[in-house]
Trainee: 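Supplied in structure tokens, the structure appears directly below.
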Amino acid sequence: QVQLVESGGGSVQAGGSRRLSCAPSGRTFNRYAMGWFRQAPGKEREFVAAISWSGNSISYANSVKGRFTISRDNAKNTVYLQMDSLKPEDTAVYYCGAAYDIVVVTPGLKVDYWGQGTQVTVSS
């Protein structure tokens with residue numbers, strides 16, 4: 001069992017930046033691809049970005065492409081989501097997910113383990 005812990009959420013004004021972090025509790029995430037997803041009130045959870053274990057495969061949702069950057073530091077056992085040029089429509093609970101042994105990540109990433117989520121609120 002992998003427990004994921006997200007951090008970095010909070011409130012920010014439109015145009016601002018925020019960096020989210022995700023780390024597994026109690027173990028490393030060797031061979032896990034990692035993804036970020038979000039869920040806004042009244043909407044379904046949607047894919048945001050994903051990165052393979054090696055970092056060689058990265059995928060973004062069209063809505064965040066050019067504004068968000070996913071990265072990982074395997075030595076620190078942490079994955080990041082740098083969010084720039086934030087918009088009010090980016091307001092959501094952001095979830096980290098881990099998918100085992102995925103070499104090429106896509107928006108259809110099937111997550112094995114989820115974090116509990118962190119709220120990001122963007123005000124206009």
Side-chain angles (χ1 to χ4, degrees):
Q1 187 78 9
V2 176
Q3 292 183 326
L4 303 174
V5 180
E6 301 101 334
S7 60
S11 298
V12 61
Q13 289 192 328
S17 298
R18 202 83 188 176
R19 190 177 79 157
L20 305 182
S21 300
C22 173
S25 174
R27 60 174 293 172
T28 66
F29 50 27
N30 282 341
R31 297 186 65 181
Y32 280 92
M34 302 297 294
W36 287 98
F37 297 74
R38 66 186 182 187
Q39 187 168 18
K43 295 187 177 181
E44 294 187 351
R45 189 175 299 187
E46 65 175 4
F47 170 81
V48 175
I51 186 168
S52 63
W53 157 248
S54 68
N56 290 335
S57 177
I58 291 177
S59 179
Y60 293 101
N62 288 335
S63 59
V64 306
K65 204 170 289 184
R67 300 188 297 122
F68 291 11
T69 303
I70 190 171
S71 62
R72 68 189 297 162
D73 185 337
N74 290 338
K76 295 183 178 180
N77 214 29
T78 302
V79 63
Y80 305 97
L81 184 68
Q82 177 66 42
M83 305 185 293
D84 298 318
S85 302
L86 282 162
K87 305 175 181 179
E89 50 264 44
D90 294 318
T91 295
V93 177
Y94 283 72
Y95 297 90
C96 174
Y100 184 70
D101 206 22
I102 303 297
V103 176
V104 177
V105 296
T106 68
L109 184 71
K110 294 295 189 287
V111 171
D112 298 311
Y113 302 104
W114 291 99
Q116 293 186 334
T118 185
Q119 175 72 45
V120 174
T121 302
V122 184
S123 58
S124 57

Trainee: Has the side chain of Y60 got a donor or acceptor atom that lies under 3.5 Å from a matching backbone atom of I70?
Mentor: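 Side chain of Y60 to backbone of I70, a donor-acceptor pair under 3.5 Å: yes, one is there.
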Trainee: Check the hydrophobic clustering (I, L, V, M, F, W, Y; side-chain heavy atoms under 4.5 Å; chains of links allowed) and say if V5 and W114 are grouped together.
Mentor: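 V5 and W114: separate clusters.
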Trainee: Tell me the closest heavy-atom pair linking M34 and A98, and the distance in Å.
Mentor: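 M34 and A98 have their closest heavy atoms at SD-CB, 3.7 Å.
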Trainee: Sub-3.5 Å donor-acceptor pair from the side chain of E6 to the main-chain atoms of Q116, do we have one?
Mentor: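 Such a contact is found between E6 side chain and Q116 backbone.
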Trainee: A23 and T78: which non-hydrogen atoms are nearest, and at how many Å?
Mentor: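 Looking at all heavy atoms of both residues, the closest pair is CB-OG1, 4.1 Å.
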Trainee: Suppose we screen for side-chain hydrogen bond (donor to acceptor under 3.5 Å, both in side chains). Which residues come up paired with Q82, at least two apart in sequence or across chains?
Mentor: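 Q82 satisfies side-chain hydrogen bond (donor to acceptor under 3.5 Å, both in side chains) with D84 once adjacent residues are dropped.
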Trainee: Looking only at heavy atoms, what is the nearest atom pair of S52 and A33, with distance?
Mentor: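 Smallest heavy-atom distance, with atoms named: CA-CB, 4.0 Å.
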Trainee: Where do A92 and A40 come nearest, in terms of heavy atoms and distance?
Mentor: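 What the structure gives for the nearest pair is CB-N, 3.8 Å.
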Trainee: Would you sort out whether V103 and W53 count as a side-chain contact (heavy atoms from CB on, under 4.5 Å), showing the intermediate values?
Mentor: CA-CA 7 Å; V103 176; W53 157 248; over 6 Å; no
Trainee: Quick one: SG on C22 to CG on N77, what's the gap to the nearest 0.5 Å?
Mentor: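 So the SG of C22 and the CG of N77 are separated by 9.5 Å.
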Trainee: Among residues at least two apart in sequence or on other chains, which ones pass ring pair (Phe, Tyr, Trp, His ring centres under 6.0 Å) with F47?
Mentor: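 Scan of F47 (ring pair (Phe, Tyr, Trp, His ring centres under 6.0 Å), adjacent residues dropped) gives F37.
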Trainee: Looking at R18 and D90, does any basic side-chain N land under 4.0 Å from a carboxylate oxygen?
Mentor: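 Salt bridge flag = no for D90 with R18.
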Trainee: For the side-chain contact (heavy atoms from CB on, under 4.5 Å) test, which of V104, I102, T106 pairs with S57?
Mentor: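 The passing option is V104.
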Trainee: Compare every heavy atom of S59 with every heavy atom of P107, then report the nearest pair and how far apart it is.
Mentor: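 Looks like CD-OG, 3.4 Å.
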Trainee: Could you give all pairs that pass the salt bridge (Lys or Arg N to Asp or Glu O under 4.0 Å) test and reach residues 106-123, with sequence neighbours left out?
Mentor: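 Those involving residues 106-123 do not exist here.
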Trainee: Do Y95 and L4 have side chains that get closer than 4.5 Å, going by heavy atoms?
Mentor: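 Of all side-chain heavy-atom pairs linking L4 with Y95, none is under 4.5 Å.
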Trainee: Can you measure from CE (M83) to CZ (R19) and round to the nearest 0.5 angstrom?
Mentor: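 Spacing of CE (M83) from CZ (R19) equals 11.0 Å.
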Trainee: Do V48 and V93 belong to the same hydrophobic cluster, where Ile, Leu, Val, Met, Phe, Trp and Tyr are linked whenever their side-chain heavy atoms lie under 4.5 Å apart, directly or via other members?
Mentor: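 Looking at the clustering, V93 is in a separate group from V48.
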Trainee: Give a yes or no on this: more than 12 heavy atoms of other residues, nucleotides or ligands lie within 6.0 Å of atom CD of Q3.
Mentor: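 Incorrect, the count does not exceed 12.
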Trainee: Starting from V79, can I reach L20 by hopping between I/L/V/M/F/W/Y residues whose side chains sit under 4.5 Å apart?
Mentor: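 They do share one cluster, since a chain of ILVMFWY contacts under 4.5 Å joins L20 to V79.
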Trainee: Any chance you could measure L81, atom CG, to Y94, atom OH, to the nearest 0.5 Å?
Mentor: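 Spacing of CG (L81) from OH (Y94) equals 7.5 Å.
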Trainee: Do Y80 and V111 share a hydrophobic cluster, counting only Ile, Leu, Val, Met, Phe, Trp and Tyr and linking them when any side-chain heavy atoms are less than 4.5 Å apart?
Mentor: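 Not linked; separate clusters.
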Trainee: Atom CZ in R45, atom CZ in R38: separation rounded to 0.5 Å?
Mentor: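 Answer for the CZ-CZ pair, R45 versus R38, is 13.0 Å.
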Trainee: Nearest 0.5 Å, what's the CG-CD distance between L86 and Q13?
Mentor: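 If I round to the nearest 0.5 Å, the distance is 11.5 Å.
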Trainee: From F68 CZ over to S63 OG, what is the distance, rounded to the nearest 0.5 angstrom?
Mentor: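 One gets 7.5 Å once the value is rounded to the nearest 0.5 Å.
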Trainee: Ignoring hydrogens and geometry, is there a side-chain-to-backbone donor-acceptor pair from T91 to V122 under 3.5 Å?
Mentor: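 A pair under 3.5 Å: yes.
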Trainee: Same cluster or not: are I51 and F29 linked, directly or through other Ile, Leu, Val, Met, Phe, Trp or Tyr residues, by side-chain heavy atoms under 4.5 angstrom apart?
Mentor: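 As far as the 4.5 Å side-chain criterion goes, F29 and I51 are connected within one cluster.
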